[in-house]
Amino acid sequence: MQRGLVLEDQLPLAGWLVATLEECFPGIQVQHAATLAAGLRLSASQAPDIALVDLGLPDGSGIELIRDLVQRHPSCHVVVTTIYADDQHLFAALRAGAQGYLLKDQPREKTVQALRGITAGEPP
């Protein structure tokens, strides 16, 4: 993993997710977007190897970025990071092309383990 993208509007959580990717994949270059519009711009300008996508954003749904990433960058590992633990959000994200669905309240060690598994082809 060389390039990562984090779409998260809550700055403390964004910092936590960036640090988690950096711990999980040493040497990865991670870009952060706080809005859907910024995430779509970054998707158009770079090909991330992994993207952590929040669903609830001030300007729309992360589902839109998931669809964009899957279309533009089919080899990108798209993982939802969210507070929503219900089937409605889970299935919508998976239908859009997400390969993983992680809750933000997990300990970092568990998140790192899940991310490594997802990128190795294991279900989350």
Side-chain angles (χ1 to χ4, degrees):
M1 296 290 142
Q2 296 178 352
R3 291 176 306 281
L5 172 61
V6 170
L7 177 62
E8 172 60 59
D9 61 320
Q10 303 291 321
L11 289 182
L13 284 172
W16 187 86
L17 291 169
V18 168
T20 300
L21 277 180
E22 291 171 343
E23 178 181 330
C24 190
F25 307 107
I28 193 171
Q29 299 291 315
V30 182
Q31 292 190 304
H32 166 248
T35 64
L36 175 59
L40 290 169
R41 281 192 302 274
L42 286 174
S43 174
S45 68
Q46 74 159 350
D49 299 307
I50 189 167
L52 304 183
V53 180
D54 184 21
L55 297 179
L57 301 161
D59 61 339
S61 170
I63 297 289
E64 190 174 334
L65 180 65
I66 294 169
R67 288 184 184 120
D68 181 76
L69 287 166
V70 168
Q71 181 178 3
R72 284 182 198 265
H73 313 295
S75 64
C76 179
H77 297 279
V78 181
V79 180
V80 171
T81 52
T82 187
I83 59 169
Y84 301 116
D86 60 274
D87 288 348
Q88 179 182 358
H89 288 91
L90 168 66
F91 292 129
L94 294 176
R95 278 192 304 273
Q99 295 154 320
Y101 194 94
L102 302 175
L103 298 177
K104 294 179 199 176
D105 61 356
Q106 301 281 332
R108 181 173 288 169
E109 294 166 3
K110 202 168 189 180
T111 302
V112 166
Q113 182 180 18
L115 288 171
R116 286 182 179 148
I118 290 166
T119 58
E122 300 170 14

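We number each residue from 1, following the sequence as shown.
- Taking CG from L17 and CG from D54, the interatomic distance works out to 8.5 Å, rounded to the nearest 0.5 Å.
- Not counting sequence neighbours, H32 has no partner by the side-chain hydrogen bond (donor to acceptor under 3.5 Å, both in side chains) test.
- Evaluation of the salt bridge (charged side-chain N to carboxylate O under 4.0 Å, His left out) test over residues 36-47, restricted to residues two or more places apart or in two chains, returns none.
- Pairs engaging residues 59-70 under the salt bridge (charged side-chain N to carboxylate O under 4.0 Å, His left out) rule: D68-R72 [sequence neighbours left out].
- At least one side-chain heavy atom of L55 sits less than 4.5 Å from a side-chain heavy atom of I66.
- Applying the salt bridge (charged side-chain N to carboxylate O under 4.0 Å, His left out) rule to R108 yields the partners E23; only residues at least two apart in sequence or on another chain are considered.
- L7 and V70 fall within the same hydrophobic cluster, defined by Ile, Leu, Val, Met, Phe, Trp and Tyr side-chain heavy atoms under 4.5 Å apart, directly or through other members.
- Rounded to the nearest 0.5 Å, atoms NZ (K110) and CG (L102) are 10.5 Å apart.
- Taking the side chain to side chain contact (heavy atoms under 4.5 Å, CB included) definition, one finds that Q10 meets it with E8, L13, sequence neighbours left out.
- Linking ILVMFWY residues whenever their side-chain heavy atoms come closer than 4.5 Å, directly or via other members, leaves I50 and V112 in distinct clusters.
- Evaluated for a side chain to side chain contact (heavy atoms under 4.5 Å, CB included) with Y101, the options L90, V53, V79 yield exactly one hit, L90.
- In terms of heavy atoms, L115 sits closest to C24 at CB-SG, 3.9 Å.
- Taking the side chain to side chain contact (heavy atoms under 4.5 Å, CB included) definition, one finds that C76 meets it with P48, A51, H73, V78, sequence neighbours left out.
- With sequence neighbours excluded, the residues forming a ring pair (Phe, Tyr, Trp, His ring centres under 6.0 Å) with H89 are Y84, listed by chain and number.
- Listed for the S61 side chain is no donor-acceptor partner under 3.5 Å among the backbone atoms of L57.
- With rounding to the nearest 0.5 Å, the separation of OG in S43 from CG in L36 is 10.5 Å.
- Within a 6.0 Å sphere centred on CD of E22, other residues, nucleotides and ligands contribute more than 12 heavy atoms.
- Closest of all the heavy-atom pairs between A33 and G39 is CB-N, 3.5 Å.
- T20 places a side-chain N or O within donor-acceptor distance of the main-chain N or O of W16, the cut-off being under 3.5 Å.
- Inter-residue side-chain proximity for L65 and L40 is flagged as met; some heavy-atom pair is nearer than 4.5 Å.
- No side-chain heavy atom of D49 sits under 4.5 Å from any side-chain heavy atom of T119.
- In this structure, the separation between CG on L52 and OG1 on T82 is 12.0 Å, given to the nearest 0.5 Å.
- Expressed to the nearest 0.5 Å, how far OG of S75 lies from CG of L69 amounts to 10.5 Å.
- For Q46, the side-chain hydrogen bond (donor to acceptor under 3.5 Å, both in side chains) partners two or more places apart in sequence, or in a different chain, are Q31.
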| query | Given the rule in the side chain to side chain contact (heavy atoms under 4.5 Å, CB included) test, do T111 and T81 qualify, once you have shown the distances and angles that lead to the verdict? | reply | CA-CA 10 Å; T111 302; T81 52; 5.9 Å; no
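- In terms of heavy atoms, A96 sits closest to I63 at CB-CG2, 3.8 Å.
- Scanning both residues, A93 and V80, for their nearest heavy atoms gives CB-CG2, 3.5 Å.
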